[in-house]
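Notes follow once the structure below has been shown.
All residue numbers refer to positions in the sequence shown, counting from 1. Atoms within a ligand are numbered from 1 in the order they appear, just like the ligands themselves.
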Amino acid sequence: MGTVEPQVAHSGAVQEVTDGFHLVIDALKLNGIDTIFGLPGIPITDFTRMAQAAGMRVISFRHEQNAGNAAAIAGFMTQKPGICLTVSAPGFLNGLTALANATTNCFPMILISGSSEREIVDLQQGDYEEMDQLAIAKPLCKAAFRVLHAEDIGVGVARAIRAALSGRPGGVYLDLPAKLFAQTMDAEAGKKSLIKVVDPAPKQIPGPDAVKRAVDLLKGAKKPLIVLGKGAAYAQADADIRALVEKTGIPYLPMSMAKGLLPDTHEQCASAARSFVLPEADVVMLIGARLNWLLSHGKGKTWGGKDHKEWGGQQFIQIDISPQEADSNVRIDAPLVGDIGSCVSALLVAIGSNWPKPEAQWIAAVAERKNKNIAKMAETLAKNPVPMNFHSALAVVRDIVKANPDACLVNEGANALDFTRSIVDMYKPRRRLDVGTWGIMGIGMGFSVAAAVVSGGPVIAVEGDSAFGFSGMEVETLCRYNLPVCVVIMNNNGVYRGTDVNPTGGPDVAPTVFVKGARYDKLMDAFGGVGVHATTPAELRKAMEEALRSRKPTLINAVIDETAGTESGRITSLNPTSGKKK
Ligand SMILES: Cc1ncc(C[n+]2csc(CCOP(=O)(O)OP(=O)(O)O)c2C)c(N)n1
Ligand SMILES: [Mg+2]
């Protein structure tokens with residue numbers, strides 16, 4: 001229990017007192033939270049010092065958005081809420097994008113922000129960094145709380161933890177006005193006011209009827225398919241999920257961040273036959289995957305519909321912790337509501353030990369497509385064009401990840417994202433960390449820092465040159481904490497490509513184009529890390545091997561053919577096109 005200097009009470013007796021600073025730290029520690037990602041300033045500078053003095057790991061960033069992204073992904077990796085700590089108004093706003101992104105992705109995090117004086121803020125009298133932060137945070141997170149009195153800190157922290165972790169996880173905002181930190185109270189009473197949260201993410205057992213309905217539907221399937229989402233990865237029910245996939249023998253598709261839940265090289269993995277299995281399947285079991293845009297809303301041509309709105313012929317089983325998820329886009333025939341671990345283990349019991357494997361014809365058809373596409377990809381990967389392109393560079397990354405299956409792979413960009421997702425196989429759960437539901441740029445260095453801090457192991461970050469720019473200053477953070485992160489920048493001179501020209505012939509370059517031949521590696525040199533300029537796959541391989549061996553913060557500027565990418569990577573079709581004839 002942290003206490004401040006003893007105070008002499010009127011009676012002359014010495015009274016141990018504590019204060020808001022110490023109570024927040026004690027409340028977090030009591031709940032097993034040992035790391036804070038943040039950025040100091042008024043009113044939380046002393047908080048960061050005291051947290052470090054109390055034995056917490058305090059990781060300071062150069063911009064709050066990166067600290068917030070770090071907290072969010074730490075939450076995803078550990079099932080403990082990641083903590084992001086920011087100063088009032090501008091710092092808070094900088095953290096807010098990460099909080100909203102965490103909520104969208106169902107990552108548990110708590111954004112703790114200092115705020116200015118309530119009396120002044122509420123009368124809009126122009127305080128230092130004045131802002132009604134609670135009101136602004138509310139629509140962007142799962143829950144938002146403010147604590148005004150030291151004796152309520154225990155409850156405030158407990159409520160934030162429960163809200164972040166229970167049910168569908170998400171982002172929580174905790175507003176701590178400056179005055180709270182200095183408030184004192186009797187240390188013993190303070191200690192008693194803290195809450196160690198019991199069972200913060202209670203199991204939610206699915207109803208037996210719902211389990212039976214799901215199993216009956218699966219039993220009748222001729223061409224079943226399982227889709228694993230990042231909810232399935234988050235659940236940490238890895239062995240049971242694998243058992244369910246293997247006992248049923250059903251082909252499965254991992255969504256991006258579910259890659260590695262089973263090794264991508266698993267014989268039932270249908271990733272390489274995605275465009276075949278989605279329209280062909282008759283019963284699809286979604287495990288922690290939502291039918292949002294990433295799955296074309298469960299309808300349209302991707303699913304065998306004739307136009308973009310028509311449903312395919314599939315029937316769906318959806319395992320989700322939220323009872324409101326079913327029917328969000330198309331009919332869900334068998335919703336299975338509960339936590340994924342409980343749902344999957346209930347299914348395992350229900351399917352028993354002699355579940356019939358899917359029809360051989362279906363398995364063979366999937367295998368044929370898959371093997372054809374894998375062979376085609378192998379041919380492309382074997383080429384060694386000059387200049388290097390995404391494929392020849394990623395063939396190297398693929399080998400390095402295979403040799404280091406425990407490494408986390410952070411990934412953002414457009415082409416740099418899509419090609420990496422399809423080329424680089426993952427072998428272990430929760431190792432692939434990427435742009436998630438929103439396809440957001442800027443997660444790169446925040447995720448990398450957190451992945452290294454949380455796992456203690458190596459991290460490889462494959463970054464588009466544009467994507468990297470959103471959080472690039474955090475390479476200093478990588479160096480400051482000496483983190484084993486190897487950043488590989490797929491440098492094609494711009495957003496999607498480096499070839500656009502200004503149609504007016506004016507002096508400004510096109511909006512998608514950057515400085516040609518930029519040397520991102522020199523950024524790393526500036527802070528004492530290892531910077532490497534790589535123009536061939538051999539140079540890239542050597543630099544990556546060395547980075548993984550040395551565990552030194554490394555940035556490799558991989559020079560990629562500037563003509564190699566496509567507009568928006570694989571989602572070109574989402575670009576609105578002008579209705580006006582050219
Ligand atoms: C916060 C945010 N801003 C903008 C975008 C739009 N956007 C999508 S991908 C991308 C960058 C693509 O370029 P790069 O990272 O260099 O990848 P490349 O396709 O060139 O490999 C941008 C700006 C976004 N997704 N998120
Ligand atoms: Mg680029």
Which protein N, O or S atoms does the Mg ion (ligand 2) have within a distance shorter than 2.8 Å?
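Result, waters dropped: Asp465 OD1, Asn492 OD1, Gly494 O.
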Examine distances only and state if a side-chain atom of Lys230 and a backbone atom of Cys106 form a donor-acceptor pair shorter than 3.5 Å.
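Not a single qualifying donor-acceptor pair exists.
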Any idea which atoms of ligand 1 are less than 4.0 Å away from a heavy-atom of Phe390?
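So the atoms of ligand 1 that pass are 21 (O).
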Nearest non-hydrogen protein atom, atom 16 (O) of ligand 1:
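Nearest protein contact, heavy atoms only, for atom 16 (O) of ligand 1 is Asp465 OD1, 2.6 Å.
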Give me the residue, atom name and distance of the protein heavy atom closest to atom 21 (O) of ligand 1.
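I find the closest protein heavy atom is Ala416 N, 3.0 Å.
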With sequence neighbours excluded, what pairs up with His391 under the side chain to side chain donor-acceptor pair (under 3.5 Å) test?
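With neighbours one apart ignored, the set is empty.
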Have a look at ligand 1 and work out which part of Asn415, if any, has a heavy atom under 4.0 Å from it: side chain, backbone, both or neither.
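Both backbone and side chain.
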With a 3.5 Å cut-off and no angle check, do the side chains of Arg432 and Ser256 form a donor-acceptor pair?
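Arg432 vs Ser256: donor-acceptor pair found between side chains.
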Heavy-atom contact under 4.0 Å between Gly469 and ligand 1?
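No, Gly469 has no heavy atoms under 4.0 Å from ligand 1.
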Strictly under 4.0 Å, does any heavy atom of Phe470 approach an atom of ligand 1?
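Phe470 counts as a contact of ligand 1 under the 4.0 Å cut-off.
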Check this for me, if you would: do [X] and [Y] make a salt bridge, where the nitrogen-to-carboxylate-oxygen distance has to be below 4.0 angstrom?
| X | Y | result |
| --- | --- | --- |
| Lys402 | Asp425 | no |
| Lys376 | Glu379 | no |
| Arg421 | Asp418 | yes |
| Glu476 | Arg480 | yes |
| Asp307 | Lys309 | no |
| Lys138 | Asp175 | no |

To the nearest 0.5 Å, how far apart are NE2 in His533 and CG in Asp525?
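Answer for the NE2-CG pair, His533 versus Asp525, is 12.0 Å.
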Within the protein, is there a heavy atom lying under 4.0 Å from atom 10 (C) of ligand 1?
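There is a protein heavy atom less than 4.0 Å from atom 10 (C) of ligand 1.
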Per atom 5 (C) of ligand 1, closest listed option by heavy atom (Gln65, Glu567, Met441):
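The residue whose heavy atom sits nearest atom 5 (C) of ligand 1 is Met441.
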Who's closest to atom 15 (O) of ligand 1 heavy-atom-wise, of Ala467, Gly442, Ser568?
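Nearest option to atom 15 (O) of ligand 1, by heavy atoms: Ala467.
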